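Within every chain, numbering begins at 1; the chains are lettered A, B, ... in the order of the sequence lines, protein sequences first and strands thereafter. Source: prediction; values computed, not measured.
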Amino acid sequence: MARASSPRRMILTTLAAWGVALLIFFPVLWMILTSFKTEASAVANPPELLSASWTLENYAEVWARSDYPRFFWNSVVISIGSTLLGLAVAIPAAWAMAFVPGKRTKDLLMWMLSTKMMPAVAVMIPIYLLFQRLGLFDTKTGLILALMLMNLPIITWMLYTYFKEIPGEILEAARMDGAGLRSEILYVLTPMALPGIASTLLLNVILAWNEAFWTITLTTTKAAPLSAFIASFSAPQGLFYAKLSAASTMAIAPILILGWFSQKQLVRGLTFGAVK
Amino acid sequence: MGQITLKSVRKSFGDVHVIPGVDLEIRDGEFVVFVGPSGCGKSTLLRLIAGLEDTTAGQILIDGKDATDLPPARRGLAMVFQSYALYPHMTVRKNIAFPLKMAGLSEAEQAKKVEAAAKVLNLTAYLDRRPGQLSGGQRQRVAIGRAIVREPAAFLFDEPLSNLDAALRVTMRQEISELHQALKTTMIYVTHDQVEAMTMADKIVVLNAGRIEQVGSPLDLYHFPDNLFVAGFIGSPKMNLIEGAEAARHNARTIGIRPEHIGVGSGPWEGTVQLSEHLGSDSFVKVQVDGIGVLNVRAGGEIGVHHGDRIRLNPEPDKIHRFDADGKAIR
Amino acid sequence: MSTHSTRLAARLMVAPSVILLFVWMIVPLAMTLYYSFRFYRLLTPDRTRWTSFDNYTWFLNSPDFWLAIFNTLALVGGVLVITVVLGTLIALLIDQPVKGQGVLRILVIAPFFVMPPVAASIWENLFMHPQNGLFAAFARGFGAQPILFLENYPMLSVIGIVSWEWLPFATLILLTALQSLSSEQLEAAEMDGAGAVSRFRHIILPHLTRAITVVILIQTIFLLGIFGEIFTTTQGGPGSASTTLPYMIFKQAIAAKDIGRAAAGGIIAVILANIVAYFLMRGIGKNLDA
Ligand SMILES: Nc1ncnc2c1ncn2[C@@H]1O[C@H](COP(=O)(O)OP(=O)(O)OP(=O)(O)O)[C@@H](O)[C@H]1O
Ligand SMILES: [Mg+2]
């Protein structure tokens, strides 16, 4: 609903909008700036917005002190793996709900979402024990499974809203053209819904990347992703602000970059497909 | 081959009995048109034949074999949808080739058939475009192309021309008729357009509230409507239906006379012109006839009557249709 | 467009996700229910036995319990109110014709990319820290005493941090919804003499209903389980001042190593979540149609 307005008003609103946006972004910016300062300059009083002595020291030290590549790789495998697995399970389900709706479809979707309301802590011990028993504890497979189940309701819901926009006649045409169910979904539905699927994928990769309960509870070292990496850094408190900032930056940078590059799909994904 | 038989086919959506029972025989190579008012179940019947809905009861035979429980993919029929239902992410070439790909034809065979179909339909220049880059008429032709490459037992059309403008509709109508003459494949065509029904059909099926009112050739229906519904539905402008004393004089509850079968000038009926529309080739005149009511009359283009004129009307005696109390024709 | 075979196919295709979710929900729930009636402490495993409702009685009578319930609801409610109100205002602002809208949007989304432990530690250490935090520096700059955020206002601090994390989400959804509002509608209202406030009240706000519904629904789902932010910052303290229900359960399980009590708390949390879910779905679920 962008509307024309006078140049003066435009300057004012531009200033205000930028002010607000920078305020929201500032904590992230401050963290990144701090990560390039020396420890002394990081806690200088009064605070230095721009340091006199920029340094990469902190990154070098964090890199040397911990096995960042392993945490990073675990995060990649777990977030992408769980999302792809989730899509594989959710695409057929969303197809069914969008194109063969029954009286119960809405209830089913709401039930799925409501399973997410169950606080993770409430079932932490059983899941922990089950994972131990099944040999899934501290494995990437286990985390992929857990995060897939965490995000499955959201993935299903998002796909459902995207699929509903596709006219059923096109799928019927495919059926008339001799396509079986598999071909119908593979050659017609999926390519047509690709933008929506991409948004779903992106958002859920981010949600999985940022998940910090199960990833910490269900791992020790082998399968621990970046959330565990950062948790291990914030534990020893003290005067290591610059290093903590460097480690934090390293933990969120991949997603920050991914998000900024795929802004368009992501913005759509971030609305969970629910608002046009 | 494309012989389709419906035996007591019924369809209900929950408690709504959309098709209470239909028997119909469609011969191989016939061009059959389903007409009827909106919501009467034309699309539903077509979709039952296609297999996109399943029947509540009854049987559908295709070429003598029971197809009632076959999925659409296995019935060997092709369908052209009102919205064209083209695959937006595929080029025209891929769209037309899709059924062939599904049938497992080799790339080379696919290409050959697509080229051939494109030539027939004048689509050769557009093969590498996406549906979004085509005009309505071109999209329609792609949809038809996708249907013909399969060499189906029968084509099903659901109001395929209703999204086109008037001029294009005439051309496409003729193209489909020519296609039928060339392929000689059974076609079932749903429309609510009188002209399409009359000009294209070998056989018209008139539906009303899910029931067949009459089946016959266009001229049969025009000349010998079985009942009041068909009489009123077929023909444009509509047949005049008269009740009361005038009908009783003909030993009927209702009589019907088409506007084009009433002469102007002399005759037994007299009335006042309420409205006259001059279309050039024709004039439609609405007349308040004394003792009978309002009649529509179709007269020559040069007739010069105006609002308020008194005129005499002459119904052609052998063109009067008579109906009994149940609305059935008396012959 | 459904036949017996498509309906059958549909059942088969929904089945895996329903079964998986059901198992994922019911097995741990059943185990939790089982433990909730057991006396089960990891420090004295040999004393494990049935205790009927003792765990529940302890939990419900614990002085922390009602505080934890209150804190949980305050967290959810507080974050919802802050994000919806601020989100609407910011969306209205960004929706104006401004220069560099694309970059603006990137800046505003950024907090969403920050994982909870990082968000919590940035705020705790770089901003709220009583010596080295930026807020403390500001306070000193004005000659005031630094505010002890996490000590004196632990719940408000947590609400603030979580609101920062979720503000981008709310803003973006509301912005997307705003952009689909036709300017003609607003211009028509302007012609009819509607002032800015009544335009907002009678045209913009109704248009945003669905978007606000989505924000509330999705955020509630995530907020009911908030844990990491509290764990990183206040550890539920000082005392129990910022202990929410999930955190209280966590303390029983990990600190006290009392599995039975933690399980009873888990069941109570599930019941609370269901109550909230029930009212949520009933109250606003219908806005989601169409
Ligand atoms: N899936 C369905 N569920 C319930 N009722 C339906 C369904 N599909 C169609 N109907 C009903 O069946 C009746 C016939 O519908 P149908 O689409 O066959 O009509 P039609 O003759 O094709 O009409 P039109 O000329 O408007 O296309 C209508 O009353 C319609 O409301
Ligand atoms: Mg129809």
So, using side-chain contact (heavy atoms from CB on, under 4.5 Å) as the criterion, who are the partners of A:Ala247 when residues are at least two apart?
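Checked A:Ala247 against side-chain contact (heavy atoms from CB on, under 4.5 Å); matches are A:Val62, A:Phe229, A:Ile230, A:Phe233.
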
For C:Gly100, does its backbone N or O pair with a side-chain atom of A:Trp18 as donor and acceptor, under 3.5 Å?
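No.
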
Of the listed residues (C:Ile122, C:Val14, C:Leu126), which shares the most heavy-atom pairs with chain A below a 4.5 Å separation?
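So the answer, after comparing C:Ile122, C:Val14, C:Leu126, is C:Leu126.
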
Who among C:Tyr247, C:Phe22, C:Phe138, C:Tyr278 has the most heavy-atom pairs with chain A under 4.5 Å?
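Looking at each of C:Tyr247, C:Phe22, C:Phe138, C:Tyr278 in turn, C:Phe22 comes out on top.
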
Do [X] and [Y] come close enough that some side-chain heavy atom pair is under 4.5 Å?
X: A:Trp30; Y: C:Leu134; value: yes
X: C:Ser121; Y: A:Leu244; value: yes
X: C:Leu21; Y: A:Trp111; value: yes

Options A:Ile252, A:Thr14, A:Thr156, A:Leu152, ranked by heavy-atom pairs under 4.5 Å with chain C, top entry:
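The answer is A:Thr14.
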
If you count heavy-atom pairs under 4.5 Å between each of A:Val121, A:Ile216, A:Ile11 and chain C, which one has the most?
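Highest number of pairs under 4.5 Å: A:Val121.
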
Parallel, tilted or perpendicular: which one describes the rings of A:Phe213 and C:Phe227, with boundaries at 30° and 60°?
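Rings of A:Phe213 and C:Phe227: perpendicular, over 60°.
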
Can you tell which part of [X] gets under 4.5 Å to a heavy atom of chain C, answering side chain, backbone, both or neither?
X: A:Met124; result: side chain
X: A:Ile185; result: side chain
X: A:Leu256; result: both
X: A:Ile206; result: side chain
X: A:Leu129; result: side chain

How far does CE of C:Met115 sit from OG1 of A:Thr215, to the nearest 0.5 angstrom?
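With rounding to 0.5 Å, CE (C:Met115) is 8.0 Å from OG1 (A:Thr215).
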
Minimum-distance pair of heavy atoms, taken over all atoms of C:Phe112 and A:Asn210:
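Scanning both residues completely, I find the closest heavy atoms to be O-ND2, 3.3 Å.
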
Return the minimal non-hydrogen interatomic distance between A:Pro126 and C:Thr32, and the atom names on each side.
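Heavy atoms of A:Pro126 and C:Thr32 come nearest at CG-OG1, 3.2 Å.
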
Given side chain to side chain contact (heavy atoms under 4.5 Å, CB included), test C:Met13 with A:Ile91 step by step and report yes or no.
CA-CA 9 Å; C:Met13 310 244 282; A:Ile91 285 177; over 6 Å; no

Counting only non-hydrogen atoms closer than 4.5 Å, does C:Leu20 touch chain A with its backbone (N, CA, C, O), its side chain (CB onward), both, or neither?
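Both parts, backbone and side chain.
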
Proximal component of C:Arg140, with respect to chain A [non-hydrogen, under 4.5 Å]
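Only the side chain of C:Arg140 comes within 4.5 Å of chain A.
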
Name the residue from C:Ile90, C:Leu104, C:Leu86, C:Leu107 that meets the side chain to side chain contact (heavy atoms under 4.5 Å, CB included) definition with A:Ile24.
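Filter result, single survivor: C:Ile90.
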
Check against side chain to side chain contact (heavy atoms under 4.5 Å, CB included), A:Val123 and C:Trp24
CA-CA 10 Å; A:Val123 290; C:Trp24 171 250; over 6 Å; no

Output, in order, the C-alpha distance, side-chain angles, deciding distance and verdict of side chain to side chain contact (heavy atoms under 4.5 Å, CB included) for A:Phe26 and C:Phe127.
CA-CA 11 Å; A:Phe26 184 75; C:Phe127 288 89; 3.8 Å; yes

